[in-house]
Amino acid sequence: MQAVKLSLKKANKIPIEADTVSPDNFAGKTKEEIEAILAWYGNGQCPLGDFFTVEVEGSDSTENTKIVFDGDVSRVKRIGQGMSAGEIEINGNVDMHCGFGMKGGKITINGDADSWLGCEMKGGEIILNGNASYYVGSGYRGESCGMRGGKITVNGNAKDYLGEHMCGGEILVTGNVGLLPAISNNGGTIVIEGNATMPASEMKNGTVIIKGEVSDMLPSYKEDGTEEVEGVTYRKFVGDVNASGKGVLLVK
Amino acid sequence: MPVIKDAVCSLCGSLCDDITVTVEDNKITKIENACILGHSKFVGMFEHDRIETPMIRKDGELVPVSYEEAIGAAAKILVNSRRTLSYGWCSTSCEAISKAIQLAEETGSLIDSTANVCHGPSALAAQEKGAPGASLGVIKNRADVIVFWGCNPVHAHPRHMSRYSSFSKGLFSTKGRKGRKMVVIDVRKTDTAKLADRYVEIEQGSDLLLITALRSAVNGHEDVIPQTVAGVSKEEVLELAETLKNAQFSCVFFGMGVTQSRSKYKNGDGVSSLISDLNQHSKAVMIGMRGHYNVTGFGQVATWETGFPMAIDFARGFPYYNPGETGANDVLVREEADAAIISAADAGAHFPQKAVRHLAKIPVIQIDPYANPTTELADVVIPAAVVGIEAEGTAYRMDAIPLRMKKLIDTEFKTDEQIAKDLIAKVRELKGGA
Amino acid sequence: MSEILIKNANLCDPIQGINCENMDICIRDGKIVESVSENAEIIDAGGRLTMAGGFDGHTHSAGKINVGRFINPNDARRKLVPGLSGPEKRTEKTRAQVGYNTPNTYAIGYRYAKLGYTTICEAAIPMLAARHTHEEFKEIPILDKMGLSLFGSNWQVMEYIRDKEPEKLAAYVAWGLKASRGYGVKIVNAGGGEAWGWGKNVNGLYDPVPNFDVTPAEILMGLVEANEKLQLPHSVHVHCNNLGKPGNYETTIETMKMFEKVKPTVDRQSLHVTHVQFNAYAGTSWRDFETGAPMVSDYLNSANHLTFDLGQVIFGPAVTMTADGPVEYANSRLLHEKWSNQDIELEDASGVVPLSYSPKSFINAVQWAIGLELALLVEDPWKIMFTTDSPNGGSFVNYPEAFTYLMSAKKREQVISGFGQMALDRMVLPGIDRELSFYELAIMTRSMQSKMYSRPEKGNLKVGSDADIAIYDIIPGDIDPSVEHEKVKQAFSGAAYTLKDGKVVVKDGQIEATPMGRTYWVNAKVPADIDSAMQKDTDIKFKKYYTVSKSNYMVEDSYLPNPVEISTEGVF
Ligand code: SF4
Ligand SMILES: [Zn+2]
């Protein structure tokens, strides 16, 4: 087991781009080596040691490496980008693109997450104990496939465009979501326990379950009886008809 | 007495190129063919509050300095910055925009256009679905159904309807307005709506619902449309869909009412899909009603030089694009920017309070012919020639047709292009010396 | 005066008939000369393969490509070909770069130069938007550029053909080239652009264009007559009708045959047919779709009046962009892809649709094979220009990969082994064992272009020619491209040296210098009386139908910082 603890020395406004912060990149490295890893900060690069107090215990493989952010990192972007294994725990708010393209391992955030949480994620798990902003599990601009695998759990609310272009994997939101969740999705499962507005626009494939209220149901779904999931009966809608979609939208 | 014909009006995205300008004693004394907005730009130049000299803020006061001194002070700000925002660049020439992009690249800055607060969402929409359009003359010659959605050309683009759309005549539209159906979709009965054959009033923010309903109707899925949608009756939705399907050639002109309403770019995205669906039945295209005369040009130049139309972050030395993260408003509201260049844009009027408050805290360089609330915030003020009047250059009409703006009168002021070039040179000098 | 002596070059220069012979090359002030003084800077080529700079005579690199960039920001980050794609930081010598299929302008210049290419021809200039093409040209470093102006659905053209006014038509073509600073006449799906104005298409050579009472065949014949009357340096450049449709090979051969009777007034072909891969389809639907390349190649082997280019497919993402508006709309519906369209008043249409070619799709596999079949079944390489119709069939940065398909049957076998039986049944490629030599490759990538575009100073290293030179890290005698195809690919992916006008612009695959290239355009002289009669008609078009003023239509000098005006004398 290797444990790495990062504590931000001083709150920052210009975001630190922490795409180098992942178990893959930290495993087997010493405190000094980790401190020397460069991160972008505005238009220049600085060693992580400039920003963080780094504590390292043990040395181990990626799977057995855990990184803990001690406190708020709401201006640290791209934590865990592309990670394949191991664990990251963030005890505070986190900035955009956390878990971008991650392939495996686990990220736990005890705080709020800014936009693009788990964007283009392929595997692994993200647990957010707080609120999410825009574009949870979506794709990069212009891309036709967003999240492809893995699971994101939001124990809180999420803003607009949750799961945009999702092609696989699972998203669970225990609270409410904003506009247009599951837009243009083409696979995967989204469960929203709270309320949603205009869900599943242009869904081609996939399943969306909304347990709370739906506002502004889009006029592009055919009602098709009911379906029972885990003992609860939902009205079943199929669409989006304008995308010749076979997606299933279950609402209360 | 020189009379200049076929001058381009550099006010709105219609970019009318048939203006006749009379110049006497290096002053414009007569304008023909321009609308009232355009007219006021040509003559108003002398009435507006021109910035008369370069200025630097010293002890809280803006004091006159030479161009050289102002450029030097501005370059120093740029060299010392870790995250400069360069914003505006939509009321200037493509040649100036090109240099502004190079400056941003060399200083690792972020550059964004005024599309950030107007038609930016249409770019995002195009990135989802593409942009099925046509040059304006295609509408003039062919369209028998014209829809204005969330725009009010009577006030914003006064000659649009006579030159390009509703009232224009062409090879296959010899009857002009009489041979056309004009539909206006909006949340209130605008002056444009008053001229329409059909006005469809929708509930605020429900554009996507109506777009989706129209698509369902066009695609033969009437059954999924509820009795009312977006405040419009199903019957009316079906009628409108029929009108569009039965057209020979239809065009949807969409404005900020669409791009800036709830669900933003997904509206444009939806319109684009609607146009695609309509083409299964008849020819249809869409065109965004761009406001600033060269906001389209910024998008074009930025796209060929950086790959992206706006919100470009050069922090890492190569362009990165992600509106919502790299937009002007995004980095101001988050208080990321530590310096700003604002060119020909009134940041004070366009951005939310929080963004403006942040601007007040950081060094701001203004490049503009005119004083405006941004001047109050600026630390370095660099006056510029008015492009299209005192300087020539390229601008792109709302339909991406490039036109050459003429220089009509002489000026002592430097052009935006020259100012950007001077800044690049000075930045290089400072960096080389460091 | 600057002098360079390239010693010990293994020169492959088909125009001079030199086939990989060791010799020295002398350069003075950007041109090839007999000899240089002792002060000449010396480059030791070390026996490595040396050719004239490459010449891509059909690429979409300025203008419409911007729509491709605009709708696909996701292309910017694609790093599919190392060193030739994806984001790259600015350096002291180079601007920042992005992209793969739709790179930014700087990347286009640098990356072509790295491949040893020094000249490109943009395949489609919509005249009303010509400034845009030239604005992008200005930002493409290093390369010499030219562009072809679109005439195939132009109202005035169709009316003159209908009204049998060949002289005015020629005058109009001359004026259009001058207005748009174009180099030649491009015809895309003749008449189809106008039909697309109503959401329709023309279905072949004899299907009349709605409202204009002319057929595509008449448009083609009318324009070729004008082209030859004006003695233009390039022939008409034709994108055939029915592109992309199974069974279209018949239209293609019919089109080619129509030009047999044309007498070119310049010593070159009378017709260039572009991206024939997309026009060599047999079958009657996508279900029974199969290669039409053998039929087309048979005809090409029997004909001597034309040249063609391949439009080779590269597997992976691509972006289609063409003035063929109806084809793009059909593509987007078929593939459920993004669709951009831009009809140009009185002139033409256009569309842009991204797509991806997969070896798993039998259609894509057959398309891939057709391009190679054409290249290998047509015997005379002087008729063939190598292209991918970049980025329609794939990005030009894949040229080195594609060269190995041409030079190595083993490499082809490797790719073919991934195809399903259905694909194999619909192609003839597996039975072809021809492998091209460096000499033949040089013909297809630079030498034939010299004649095809009447640019005697390009595509060869004769005394007097431009010193545009590529040296590749291959010793021709020491390599068997059939087996060592990976080495061939490496060498062509980053030239050891690229010289542009005698200046080293690439060294060891890296950019050394970024001079501004030229823009060639054609000024064809027309008798004044014919010109003024034509201008009267044009005036009416502007007054009644265009939305810009005639005076604002002409591209001004300031858009061509380094112009080369090619004057021709019309024969009336
Ligand atoms: S419509 Fe616009 S471009 Fe035309 S004259 Fe009026 S303000 Fe100028
Ligand atoms: Zn082409």
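No experiment lies behind these values; they were computed from the predicted model shown. A note on names: the letters A, B, ... follow the listed sequences, proteins ahead of strands, and every chain is numbered from 1.
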Subject >> Residue selection (most heavy-atom pairs with chain B, distance under 4.5 Å) from C:P73, C:G199, C:P87 >> reply: C:P73
Original post:
Mind checking which of residues 272-279 of chain B sit less than 4.5 Å from chain C, heavy atom to heavy atom?
Top reply: B:I275, B:S276, B:D277, B:N279
Original post:
Side-chain donor-acceptor pair under 3.5 Å between C:K544 and B:N141, yes or no?
Top reply: no
Original post:
Can B:T306 and C:Q97 be said to form a side-chain contact (heavy atoms from CB on, under 4.5 Å), step by step?
Top reply: CA-CA 7 Å; B:T306 74; C:Q97 303 171 59; over 6 Å; no
Original post:
Between B:K129 and chain C, which part of the residue has a heavy atom less than 4.5 Å away: side chain, backbone, both or neither?
Top reply: backbone
Subject >> Top contributor to chain B contacts, counting heavy-atom pairs under 4.5 Å, from C:G197, C:S551, C:G99 >> reply: C:G197
Subject >> Contacting region of C:R333 [heavy-atom separation from chain B under 4.5 Å] >> reply: side chain
Original post:
Nearest heavy-atom pair of B:G307 and C:N104: which atoms, and what distance?
Top reply: N-CB, 4.1 Å
**OP:** Using modelled atom types only, decide if a donor and an acceptor are shared between the side chain of C:Q342 and the backbone of B:A134 within a distance under 3.5 Å.
**Re:** yes
Original post:
If you measure from CH2 on B:W304 to OH on C:Y106, what distance do you get to the nearest 0.5 Å?
Top reply: 9.0 Å
Original post:
Just by distance, do the side chain of C:S549 and the backbone of B:D17 share a donor-acceptor pair under 3.5 Å?
Top reply: yes
Original post:
Are side-chain N/O atoms of B:R404 and C:Y559 paired as donor and acceptor at under 3.5 Å?
Top reply: yes
Subject >> Interface moiety of C:V548 toward chain B, non-hydrogen atoms closer than 4.5 Å >> reply: both
Subject >> Residue selection (most heavy-atom pairs with chain C, distance under 4.5 Å) from B:R316, B:K5, B:E128, B:E106 >> reply: B:E106
Subject >> chain B contact residues among residues 343-352 of chain C, heavy-atom distance under 4.5 Å >> reply: C:D343, C:I344, C:E345, C:L346
Original post:
In Å and rounded to the nearest 0.5 Å, what is the CG to CZ distance from B:D6 to C:F542?
Top reply: 10.5 Å
Subject >> Any donor-acceptor pair under 3.5 Å from C:T105 side chain to B:E305 backbone >> reply: no
Original post:
Between the main-chain N or O of C:A96 and the side-chain N or O of B:E105, is there a donor-acceptor pair closer than 3.5 Å?
Top reply: yes
Original post:
Picking from B:I287, B:T394, B:I401, which has the most non-hydrogen pairs under 4.5 angstrom with chain C?
Top reply: B:T394
**OP:** Could you check which of C:K138, C:E328, C:E88, C:E337 has the highest count of heavy-atom pairs closer than 4.5 Å to chain B?
**Re:** C:E88
Subject >> Worked verdict on B:F172 versus C:W198 for side-chain contact (heavy atoms from CB on, under 4.5 Å) >> reply: CA-CA 11 Å; B:F172 304 108; C:W198 302 115; 3.4 Å; yes
Subject >> Worked check of side-chain contact (heavy atoms from CB on, under 4.5 Å) between B:L171 and C:W155 >> reply: CA-CA 10 Å; B:L171 185 61; C:W155 288 3; 3.5 Å; yes
Original post:
Which atoms form the tightest heavy-atom contact between C:Y545 and B:G170, and what is the distance?
Top reply: CE2-C, 3.8 Å
**OP:** Could you have a look at B:E95, B:M286, B:E392 and say which one has the most heavy-atom pairs with chain C under 4.5 angstrom?
**Re:** B:E95
Original post:
Between B:Y320 and chain C, which part of the residue has a heavy atom less than 4.5 Å away: side chain, backbone, both or neither?
Top reply: neither
Original post:
Is any residue of residues 128-136 of chain C within less than 4.5 Å of chain B by heavy atoms, and which ones?
Top reply: C:L128, C:A129, C:R131, C:H132, C:E135, C:E136
**OP:** Ignoring hydrogens and angles, tell me if any N or O in the side chain of B:R163 forms a donor-acceptor pair with the backbone of C:T547 under 3.5 Å.
**Re:** yes
Original post:
Taking side chain as C-beta onward, heavy atoms only, is B:K283 less than 4.5 Å from C:K200?
Top reply: no
**OP:** Name the option with the most non-hydrogen atom pairs under 4.5 Å to chain B; the candidates are C:K550, C:E556, C:R95.
**Re:** C:R95
**OP:** Side chain from CB out, backbone as N, CA, C, O: work out which of these in C:T102 comes under 4.5 Å of a heavy atom of chain B, or both, or neither.
**Re:** neither
Original post:
At their closest point, which heavy atom of B:S98 faces which heavy atom of C:E139, and how far apart are they?
Top reply: OG-OE2, 3.9 Å
Subject >> Residue pairs passing the ring-ring contact (aromatic ring centres under 6.0 Å, His included) test where at least one lies in residues 327-349 of chain C, sequence neighbours excluded >> reply: C:W196-C:Y329, C:Y329-C:W339
Original post:
Rounded to the nearest 0.5 Å, how far apart are OH of C:Y553 and CG of B:L403?
Top reply: 12.0 Å
Subject >> C:E194/B:R142 salt bridge by N-O under 4.0 Å criterion >> reply: yes
**OP:** Please check if any side-chain donor atom of C:N66 sits under 3.5 Å from a side-chain acceptor atom of B:T303, or the reverse.
**Re:** no
**OP:** Working to the nearest 0.5 Å, report the span between NZ of C:K89 and CZ of B:F318.
**Re:** 8.0 Å
**OP:** Report the distance from atom OH of B:Y321 to atom CG of C:N74, rounding to the nearest 0.5 Å.
**Re:** 10.5 Å
**OP:** Sort C:S558 into side chain, backbone, both or neither according to what part of it lies under 4.5 angstrom from a heavy atom of chain B.
**Re:** side chain
Subject >> Within 6.0 angstrom of C:D539 CG, more than 12 heavy atoms from elsewhere >> reply: yes
Original post:
Is the number of heavy atoms from other residues, nucleotides or ligands within 6.0 Å of NZ (C:K541) greater than 12?
Top reply: yes
